[in-house]
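Structure first, commentary second.
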Amino acid sequence: TPPAQIRNFCIIAHIDHGKSTLADRMLQITGVVADRDMRAQYLDRMDIERERGITIKSQAVRMPWQTDAGTFALNMIDTPGHVDFTYEVSRSLAACEGAILLVDAAQGIEAQTLANLYLALENDLQIIPVLNKIDLPAADPEKYAAELANLIGGKPEDVLRVSGKTGMGVESLLDLIVEKIPAPVGDADAPARAMIFDSVYDAYRGVVTYVRMVDGKLEPRERIQMMSSKAAHDLLEIGVSSPEPVPTKGLGVGEVGYLITGVKDVRQSKVGDTITNHRKPASEALAGYTDPKPMVFSGIYPIDGSDYAELREALDKLKLSDASLQYEPETSVALGFGFRCGFLGLLHLEIITERLAREFGLDLITTAPSVTYEVMTDTGETVTVTNPSEYPDGRVAEVSEPVVKVGILLPKDYVGTVMELCQSRRGTLLGMDYLSEDRVELRYNMPLGEIVFDFFDHLKSKTQGYASLDYEPAGSQTADLVKVDILLQGEKVDAFSSIVHREKAYGYGTMMTERLRKLIPRQQFEVPIQAAIGARIIARENIRAIRKDVLAKCYGGDITRKRKLLEKQKEGKKRMKMVGRVEVPQQAFIAALSGD
Ligand code: GDP
Ligand code: MG
């Protein structure tokens with residue numbers, strides 16, 4: 001297809017505003033998916049994506065579209081909307097000339113609408129504002145068209161109104177894409193330059209690499225070269241997704257497609273890298289992406305210690321398709337052998353643990369999420385701490401913690417409550433803007449450590465679900481932080497150690513000691529539970545001793561009941577961990593770590 005007949009676009013939106021549903025309708029209306037093959041969220045292939053109704057991996061698909069000006073090839077790239085996956089969004093954006101900014105006509109602009117819009121503007125994309133879900137009785141297109149026009153300029157009447165569900169307005173939208181989005185430009189005679197915007201591991205086909213051709217041409221069976229590593233591979237297959245893979249005779253300027261080389265690991269075909277011809281390589285790579293850095297860390301342990309090898313294998317497998325997942329072995333007194341894992345954010349953490357449980361059948365404990373602290377010791381050494389138990393207690397001269405810039409969108413009635421919440425999380429107000437009469441954007445600087453722990457849940461519950469949140473890294477700051485340890489009969493339980501602000505240490509200490517007192521069964525002896533900063537005890541609870549024979553409860557007679565009780569106890573024993581002399585049911589650890 002000549003570049004003039006190509007349009008590359010993506011759909012950007014806040015989560016749940018209807019990207020995937022609109023993409024479904026486009027697939028149907030352009031005829032690339034027959035009605036009888038249609039299923040909801042066609043492009044969301046992963047089970048978890050389907051069940052949670054979210055998009056994690058972006059996908060590209062080519063659709064033919066006929067207008068008065070001829071037949072066009074529309075390449076649509078579906079992007080995820082969640083903050084954790086901003087890096088997935090930015091790579092998809094770089095492959096496009098235009099973006100549909102999709103906004104739910106019953107909700108209006110939300111935090112990720114703005115975050116994605118800014119990313120699109122940074123990439124110089126032509127923006128087409130569209131209101132979705134106009135079939136909803138609660139839709140208020142007049143109000144939100146004004147809000148959108150106010151945000152990006154233009155007239156409210158020019159904001160297109162569609163329903164991804166009923167298909168209303170979708171044909172006009174396809175026409176508008178052809179009309180408004182510029183055709184790709186590139187040098188057809190130059191050495192090939194193709195940008196990798198996604199790399200997916202497929203159990204049957206190996207790594208499938210999605211590319212956007214910028215210059216030149218790639219053909220089947222030629223030898224290609226990765227510009228960063230100079231590694232050369234044979235092209236086994238090249239083609240377009242429509243949306244099933246269709247091999248082609250090659251890809252030229254402006255085209256979007258996939259290629260397969262037989263590499264087994266997404267790290268060998270890295271997102272952001274440039275692919276060129278091996279025989280006549282380009283001299284300069286395209287501007288790449290920065291590697292996404294893990295922001296949130298957590299220990300993952302098998303509940304049954306003998307599953308450790310399986311857990312390692314499972315992580316290795318997930319890493320094949322998710323280069324952003326990081327892990328290394330660690331051990332814990334309380335939890336045994338496991339891995340310290342790094343994630344892009346909390347949703348990423350949740351998705352990985354869920355996939356470990358579901359796809360690999362593993363029973364796991366996940367420790368409370370932590371961020372990365374840079375600690376300067378009294379001897380001038382710098383230590384990076386991602387696990388509170390590695391905190392160099394007593395030798396700390398200065399600690400710095402990561403900070404993020406937070407954007408919160410909310411109805412104005414909740415501004416007071418949310419400001420209080422942000423202040424309690426050590427936020428500094430940067431600014432406040434009215435997007436319309438009753439919708440406000442609050443901007444804060446906030447320690448990331450204050451957000452990873454249930455901030456989003458609190459925000460949602462304090463605003464009846466109306467607030468939305470987005471954040472981006474904004475460097476680091478020094479802070480008065482301390483490590484709080486939890487001790488059982490004088491023995492430190494490493495999995496419960498936490499790095500917190502000094503003013504919150506007491507609160508954390510009393511909360512954990514109280515929680516554990518309720519969760520740990522009485523033992524043959526008294527068990528003190530203490531919270532400490534270094535050697536100083538800041539909170540204490542006691543579990544009193546018991547000496548009662550459990551069988552005494554059975555009043556003699558009923559032998560089967562006695563046997564059952566003994567069996568139950570034996571079963572329970574298997575799930576006990578020893579901390580010093582104290583037997584702690586695994587369940588107590590899990591409950592204490594998962595909070596309320
Ligand atoms: P995404 O997170 O942006 O991909 O959003 P989805 O496409 O998964 O849609 C989120 C929810 O909104 C789903 O329950 C959809 O069925 C619903 N939805 C999407 N588009 C429309 C629409 O045009 N009208 C109505 N009534 N519901 C829609
Ligand atoms: Mg989706």
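In listed order, ligands and their atoms are each counted from 1.
- Of the possible donor and acceptor atoms, none in the side chain of S241 sits under 3.5 Å from a partner among the backbone N and O of V61.
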Next item on the list: Check the pair T30 / R25 against side chain to side chain donor-acceptor pair (under 3.5 Å), numbers first and verdict last.
Entry: CA-CA 8 Å; T30 57; R25 277 308 76 64; over 6 Å; no

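- Neither the backbone nor the side chain of D24 has a heavy atom within less than 4.0 Å of ligand 1.
- Remark: T463 pairs with Y414, V418, A467 by the side chain to side chain contact (heavy atoms under 4.5 Å, CB included) rule, at least two apart or across chains.
- Rounded to the nearest 0.5 angstrom, L101 CG and I12 CD1 are separated by 5.0 Å.
- Of all the atoms in ligand 1, the ones that sit under 4.0 Å from a non-hydrogen atom of D16 are 1 (P), 2 (O), 3 (O), 5 (O), 10 (C), 12 (O).
- Under the side chain to side chain contact (heavy atoms under 4.5 Å, CB included) criterion, R267 pairs with D265, K319, A323, sequence neighbours left out.
- For atom 20 (N) of ligand 1, the nearest non-hydrogen atom from the set I12, N132, V162 belongs to N132.
- When each atom of ligand 1 is checked for a heavy atom of L136 under 4.0 Å away, the hits are 26 (N).
- For ligand 1, none of its N or O atoms has an N or O atom of A13 under 3.5 Å away.
- Here K19 has heavy atoms under 4.0 Å from ligand 1 in both its backbone and its side chain.
- Across the listed options L131, D135, T21, T21 owns the non-hydrogen atom lying nearest to atom 7 (O) of ligand 1.
- Considering backbone and side-chain N/O atoms, G164 comes within less than 3.5 Å of an N/O atom of ligand 1.
- The 12-atom threshold is not exceeded at OH of Y466, counting heavy atoms of other residues, nucleotides or ligands nearer than 6.0 Å.
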